[in-house]
Amino acid sequence: MNTTAVAVLGLGAMGLPMATRLAAKFSVHGFDISTERMELASKAGIATFGSAREAVAGADALILAVRNGEQLNAVLFGENGVAQHLKSGAVVILTSTVGLDAVPATAARLGELGVGLVDAPLSGGPVRAGEGDLLIVVGAEPGQLAKVRPVLDQLASTLSIVGDKPGDGQALKTVNQLLCGVHIAAAAEALALADQLGLDQATTLDALQAGAAGSFMLGNRGPRMLEAYTEEGAEVLSRLDIFVKDLGIVTTAARALHLATPVASAAEQLFLLGEAHGLAAADDSALIKVVAPKTGN
């Protein structure tokens with residue numbers, strides 16, 4: 001089956017640029033509960049529909065971005081679920097980090113309807129999504145992956161096939177998020193320490209990035225951490241509570257395996273403290289305010 005029509009449910013910060021990118025090559029069906037986002041999608045050449053069920057009807061692939069396993073189940077199989085409205089032979093592309101437990105059961109239920117599941121959690125922000133510059137890790141049965149490979153290739157600059165069953169993508173993304181969460185926490189501690197030592201944080205950041213201590217998260221989040229104490233704060237590109245969820249997935253998986261992850265667990269506690277201090281919807285670079293509440297004041 002050649003993929004010609006792709007449905008995208010949710011046209012938010014990531015969904016809309018992905019849909020727009022795909023519209024250059026495919027017929028894209030979009031739906032969002034926001035009238036404003038639907039209008040933006042229409043202007044970008046995306047066919048919009050009055051409901052999620054209408055949007056998926058006739059689509060060869062459905063790109064799904066949800067917050068967690070509960071939302072995944074609700075969108076597909078809930079009271080207004082769309083799974084029954086997907087045509088036989090269609091493929092659901094799960095782009096979210098939902099953890100390992102929910103995916104095998106979801107794949108089995110979709111299989112009963114003749115629908116495939118490609119487990120493809122992604123990394124990258126809205127700009128990279130619009131440019132087709134995402135990192136996507138994939139766990140999928142090869143036949144199902146082949147159906148939607150052109151869709152994934154349109155979105156990704158790096159496509160890593162990490163396993164041949166749904167759940168393998170979630171497993172690798174869990175490892176990825178362990179490192180990302182720890183690196184954000186370490187960057188916050190380092191820049192807070194620099195400030196308390198009387199160093200200029202911007203100069204410190206430049207110096208660290210030029211040496212062995214540099215990392216993607218330090219370079220990406222560091223400049224935003226320097227904005228955390230301004231009145232408006234840093235632009236929200238990745239919410240702090242996303243890492244509350246993701247590090248929870250990490251530590252839950254590790255406990256099930258009787259594997260100690262003390263560094264990841266410590267980072268998880270910092271993000272939980274940030275959430276408790278009202279920073280859930282702030283950019284995750286605001287974690288520095290948990291480490292050093294008065295830094296920069």
Side-chain angles (χ1 to χ4, degrees), residues 3-86 90-98 118 120-136 148 151-152 154-156 224 232-246 279-285:
T3 300
T4 57
V6 181
V8 179
L9 299 185
L11 299 169
M14 288 294 289
L16 184 56
M18 285 197 295
T20 302
R21 171 75 179 176
L22 291 171
K25 189 172 182 180
F26 305 95
S27 171
V28 179
H29 303 179
F31 173 75
D32 195 283
I33 59 173
S34 166
T35 301
E36 179 184 359
R37 303 305 290 184
M38 293 276 273
E39 291 174 353
L40 289 172
S42 294
K43 292 178 181 177
I46 298 159
T48 58
F49 293 80
S51 70
R53 288 178 171 179
E54 292 177 67
V56 305
D60 302 302
L62 163 61
I63 290 184
L64 196 56
V66 293
R67 182 172 176 83
N68 51 38
E70 289 75 15
Q71 280 192 6
L72 174 64
N73 186 68
V75 170
L76 290 175
F77 308 113
E79 183 178 351
N80 297 308
V82 302
Q84 292 280 357
H85 296 263
L86 290 163
V91 178
V92 174
I93 302 172
L94 176 61
T95 65
S96 310
T97 305
V98 299
V118 168
L122 55 82
S123 295
V127 173
R128 292 175 64 185
E131 296 173 348
D133 189 29
L134 296 171
L135 163 65
I136 303 180
V148 297
V151 176
L152 297 173
Q154 182 72 357
L155 293 173
R224 283 145 62 184
E232 62 277 7
E235 180 183 0
V236 180
L237 299 178
S238 176
R239 285 173 54 124
L240 185 142
D241 59 2
I242 293 298
F243 270 97
V244 173
K245 169 182 71 77
D246 287 1
L279 298 173
D283 189 74
D284 57 31
S285 59

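Residue numbers run from 1 in the order of the sequence given. Any value given below was found using the heavy atoms of this structure, including those in side chains, with hydrogens, waters and symmetry copies removed. Being a predicted model, the structure only gives us computed values, none of them experimental.
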Would you say that [X] contacts [Y] through its side chain, given a criterion of any heavy-atom pair below 4.5 Å between the two side chains?
X: Leu152; Y: Val118; value: yes
X: Gln71; Y: Val98; value: no
X: Ile136; Y: Thr95; value: no
X: Pro121; Y: Thr97; value: yes
X: Leu122; Y: Met18; value: yes

I need the minimum non-hydrogen distance between [X] and [Y], along with the two atoms involved.
X: Ala13; Y: Arg37; answer: N-NH2, 4.0 Å
X: Asp283; Y: Ala234; answer: CB-O, 4.3 Å
X: Met14; Y: Pro126; answer: SD-N, 3.5 Å
X: Val82; Y: Ala52; answer: CG1-CB, 3.8 Å
X: Pro17; Y: Gly12; answer: CD-O, 3.7 Å
X: Thr48; Y: Ser42; answer: OG1-OG, 3.4 Å

Checklist line | CA sep, side-chain torsions, deciding dist, call: Leu94, Val66, side chain to side chain contact (heavy atoms under 4.5 Å, CB included) | finding: CA-CA 8 Å; Leu94 176 61; Val66 293; 4.2 Å; yes
Check: Is the side chain of Arg239 donor-acceptor paired with the backbone N or O of Asp284 at a distance under 3.5 Å, no angle test?
Finding: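 No; zero donor-acceptor contacts below 3.5 Å.
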Item checked: Under 3.5 Å donor-acceptor, His29 side chain and Ala7 backbone ->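 Such a contact is absent between His29 side chain and Ala7 backbone.
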From [atom1] ([X]) to [atom2] ([Y]), nearest 0.5 Å:
X: Leu76; Y: Leu62; atom1: CG; atom2: CG; result: 7.0 Å
X: Glu36; Y: Glu39; atom1: CD; atom2: CD; result: 7.5 Å
X: His85; Y: Ser51; atom1: NE2; atom2: OG; result: 8.0 Å
X: Met38; Y: Leu16; atom1: CE; atom2: CG; result: 11.5 Å
X: Gln154; Y: Lys25; atom1: CD; atom2: NZ; result: 5.5 Å
X: Ser27; Y: Leu22; atom1: OG; atom2: CG; result: 11.0 Å

Check: Got a sec, which residues hit ring-ring contact (aromatic ring centres under 6.0 Å, His included) with Phe31, two or more places apart in sequence or on another chain?
Finding: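 Phe31: no ring-ring contact (aromatic ring centres under 6.0 Å, His included) contacts found.
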Next item on the list: Mark yes when over 12 heavy atoms from residues, nucleotides or ligands other than Glu79 sit less than 6.0 Å from its CD; otherwise mark no.
Entry: no
Check: Would you find more than 12 non-hydrogen atoms of other residues, nucleotides or ligands less than 6.0 Å from Gln84 atom CD?
Finding: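 Open: at most 12 neighbouring heavy atoms sit under 6.0 Å from CD of Gln84.
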Item checked: salt_bridge(Arg21, Asp133) N-O dist < 4.0 Å -> no
Next item on the list: With Val92 as reference, evaluate Ile63, Leu64, Val56 under the side-chain contact (heavy atoms from CB on, under 4.5 Å) test and give the passing residue.
Entry: Leu64
